[in-house]
2 protein chains.
Amino acid sequence: MDRPSEPAATAGSESCLETKLAHYADLNPEDRALLRALEEKPEDWSRKSVVVQAGDRLDALYVVRKGWLYSSQLVGDGRRQVFQLFYPGDIVGAREIGLKHALSTTVCATDCVLCPFEKQALCELFNSSSRLSALLYAVGMVDEMVIIERMKAISRMKARERVAHVFMEILTRLRITSSSREAVFELPLNQETLGDLVGLTQVHTNRTLRQLERDGLITRKGSLIELNEKGLREASSFNDAYFAIDTSWIPA
Amino acid sequence: MDRPSEPAATAGSESCLETKLAHYADLNPEDRALLRALEEKPEDWSRKSVVVQAGDRLDALYVVRKGWLYSSQLVGDGRRQVFQLFYPGDIVGAREIGLKHALSTTVCATDCVLCPFEKQALCELFNSSSRLSALLYAVGMVDEMVIIERMKAISRMKARERVAHVFMEILTRLRITSSSREAVFELPLNQETLGDLVGLTQVHTNRTLRQLERDGLITRKGSLIELNEKGLREASSFNDAYFAIDTSWIPA
DNA sequence: CGTCCATTTGATTAAGCTCAATGGACGTGG
DNA sequence: CCACGTCCATTGAGCTTAATCAAATGGACG
């Protein structure tokens with residue numbers, strides 16, 4: 001369960017990291033090759049697999065090619081905080097690159113395809129391309145801003161706004177790599193995990209979801225969530241300015 | 001009030017950014033020179049000056065040479081979240097390097113000496129030194145982990161633990177650049193701002209501070225705070241593992 | 001001495017937590 | 001196929017924490 005089960009069935013598809021970074025800035029062929037090099041060994045991981053366990057030695061990082069993951073840490077007696085969701089093109093472990101041992105646990109929310117690479121390979125990348133270095137830096141800062149936005153919501157908003165906010169966050173984030181403009185997605189998180197993401201108990205998360213549904217802000221069919229985008233944006237005063245990177249300062 | 005008042009009186013002192021990064025990894029003379037170049041124009045700013053206002057065009061970044069600053073954003077009707085404190089050696093604006101306009105407001109908590117530099121200068125640095133690029137990246141990730149720690153506290157801890165936690169955070173952070181092992185510092189934040197940092201109202205922050213004082217976990221003399229380090233560490237289950245960077249992967 | 005600002009205290013209320021029970025969906029072994 | 005266990009969603013009742021509202025106190029400083 002906890003290790004990749006078999007050689008990937010999906011080798012040969014395009015590099016997700018490349019796609020994501022190209023979304024922010026033009027990349028020359030050498031830079032593209034560097035990024036693709038990070039995705040040479042795709043592996044299949046199944047839902048609920050623990051990719052990195054808090055306390056593990058941090059040897060490899062992973063480019064997400066397919067699927068969702070989430071990182072969490074335990075707080076006191078049984079409480080938990082989920083603080084980041086990973087989508088295709090994200091790098092699992094990047095935040096903790098500077099640590100010997102992981103602080104957080106990262107789990108597959110769906111079946112995933114992950115491409116492991118050594119810390120050393122990132123070093124290679126810093127050595128070879130200042131453009132990619134700066135771009136990675138900028139993308140890391142965007143991830144941080146996403147977390148700050150959620151912190152604001154947890155700290156200063158009521159349950160209804162918090163849940164509305166996180167749905168808008170997810171939608172916006174998915175649209176970076178997806179072409180679809182639909183406001184629908186499969187949410188591979190149960191209500192406990194969703195609660196841990198927005199700082200609510202499972203019970204209160206449930207009540208809040210039902211309230212959002214009654215108010216016509218979301219529709220649920222199993223794990224499929226359809227958003228009333230306009231309504232949710234208002235309800236959560238969601239602002240997506242931080243997803244648009246200005247790359248004009250980045251080395252050519 | 002909002003602009004630096006006079007040519008700096010402190011020109012000539014050592015580079016704080018250099019000191020901070022050298023704390024994490026050995027630096028060669030060229031790298032040191034690059035860092036010092038960012039601190040060529042020290043400016044004096046007075047307490048309560050607004051260094052960057054949300055919405056401003058983001059032209060310059062600032063190395064903090066002296067003083068404390070904090071960044072905040074407004075949330076809904078009058079609520080506010082303070083999400084980062086800046087100390088000597090930190091770079092104001094780094095997180096928003098990829099944005100055209102600032103999302104957050106940064107204010108001097110004390111009189112400060114700041115060294116402005118152009119975004120372009122950071123580009124120069126990415127171009128010139130892969131070692132510094134990687135180190136800046138790693139340090140950025142540490143800042144992010146500090147924010148995640150505080151998010152955990154806000155989301156999953158009670159008022160008492162939250163305030164204890166933030167005091168330990170401040171102490172640990174100060175010790176990166178300070179040589180003193182004392183558990184005392186001047187806290188240049190009023191109770192409203194401290195509350196905005198940990199997600200409490202000013203009134204409840206006050207009650208919590210008094211409770212910590214009654215319990216012998218802190219002592220206050222004006223804005224001077226003395227910590228019962230052991231007690232606070234236990235009360236907040238504070239862990240400082242993320243302040244120790246592993247630099248072995250960083251390019252030479 | 002009055003003004004400004006921050007701190008302190010009290011009384012009340014509301015949001016969200018805890019505990020507890022129920023029910024549906026689904027997979028497994030007999 | 002049925003009985004059972006597991007996981008997850010749902011709902012109710014009572015309780016706790018922190019917010020809110022309101023006011024008093026206490027410097028610091030011109």
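Note that the structure is a prediction, hence the values are computed from the model and not measured. Every chain is numbered from 1, with letters handed out A, B, ... down the list of sequences.
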Discussion item. Counting only side-chain nitrogens and oxygens, does A/R220 get under 4.0 Å of the OP1 or OP2 atom of D/dT10?
Written reply: yes

Discussion item. If you only use heavy atoms from C-beta on, which nucleotide in C/dG16, C/dA6, D/dA9 is closest to the side chain of A/Q202?
Written reply: D/dA9

Worksheet item: On DNA chain D, nearest-nucleotide positions of A/V203 versus B/V203: which is more 5'?
Response: A/V203

Practice prompt. Find the distance B/R210:CZ to C/dG10:C1' and express it as a whole number of Å.
Written response: 14 Å

Practice prompt. In whole angstrom, give the distance that lies between atom NZ of B/K158 and atom P of C/dA15.
Written response: 18 Å

Fill in: Whole-Å gap separating P (D/dC8) and CG (A/L209)
15 Å

Worksheet entry | Modelled atom types, side-chain donor and acceptor of B/H165 and B/E149, under 3.5 Å | yes

Discussion item. Any carboxylate oxygen within less than 4.0 angstrom of a Lys/Arg side-chain nitrogen, looking at B/D90 and B/R173?
Written reply: yes

Worksheet item: Under the side-chain contact (heavy atoms from CB on, under 4.5 Å) criterion, do B/I154 and A/M151 qualify, and how do the steps go?
Response: CA-CA 8 Å; B/I154 290 173; A/M151 172 161 115; 4.3 Å; yes

Practice prompt. Rounded off to whole Å, could you give me the CG-to-C1' distance for the A/L189 and D/dC7 pair?
Written response: 15 Å

Worksheet entry | Rounded distance [0.5 Å steps], CG in B/L69 versus OH in B/Y87 | 11.0 Å

Fill in: Comparing A/R156 and A/E213 on DNA chain D - which has the more 5′ nearest nucleotide
A/E213

Worksheet item: Contact class for A/G199 (heavy atom, under 4.0 Å): base, sugar-phosphate, or nothing?
Response: sugar-phosphate

Worksheet item: Whom does C/dC26 pair with, Watson-Crick or G-U wobble, provided both distances fall under 3.5 Å?
Response: D/dG5

Worksheet item: Is there a side-chain polar atom (N or O) of A/R207 under 4.0 Å from OP1 or OP2 of D/dT11?
Response: no

Discussion item. Nearest whole Å is fine: how far is D/dT6 P from A/E192 CD?
Written reply: 17 Å

Discussion item. Quick one about B/S104 and B/Q73 (side-chain donor to acceptor, distance below 3.5 Å, no hydrogens or angles considered), yes or no?
Written reply: no

Worksheet item: Quick one: is C/dT8 close enough that its OP1 or OP2 comes under 4.0 Å of any side-chain N or O from B/Q191?
Response: yes

Item to complete: State whether B/T201 places a side-chain N or O below 4.0 Å from either non-bridging phosphate oxygen (OP1 or OP2) of D/dA19.
Response: yes

Worksheet item: At under 4.0 Å, does any side-chain N or O of B/N206 touch on OP1 or OP2 of C/dT8?
Response: yes

Item to complete: Tell me the partner of D/dG30, counting only Watson-Crick (N1-N3 plus N6-O4 or O6-N4) or G-U wobble (N1-O2 and O6-N3) with both under 3.5 Å; none if nothing fits.
Response: C/dC1

Worksheet entry | Residue-phosphate contact under 4.0 Å: B/R79 side-chain N/O, D/dT20 OP1/OP2 | yes

Practice prompt. Figure out the CZ/C1' separation between B/R160 and D/dT16, and round it to whole Å.
Written response: 16 Å

Worksheet item: Just how far, in rounded Å, is P of D/dT11 from CD of A/Q211?
Response: 13 Å

Worksheet item: Please give, in whole Å, the distance from C/dT9 P to B/H204 NE2?
Response: 14 Å

Practice prompt. Quick one: label A/L200 by what it contacts on the DNA or RNA (base, sugar-phosphate, nothing), any heavy atom closer than 4.0 Å.
Written response: sugar-phosphate

Discussion item. Between B/T193 and B/D196, is there a side-chain donor-acceptor contact under 3.5 Å, judged purely by atom types and distance?
Written reply: no

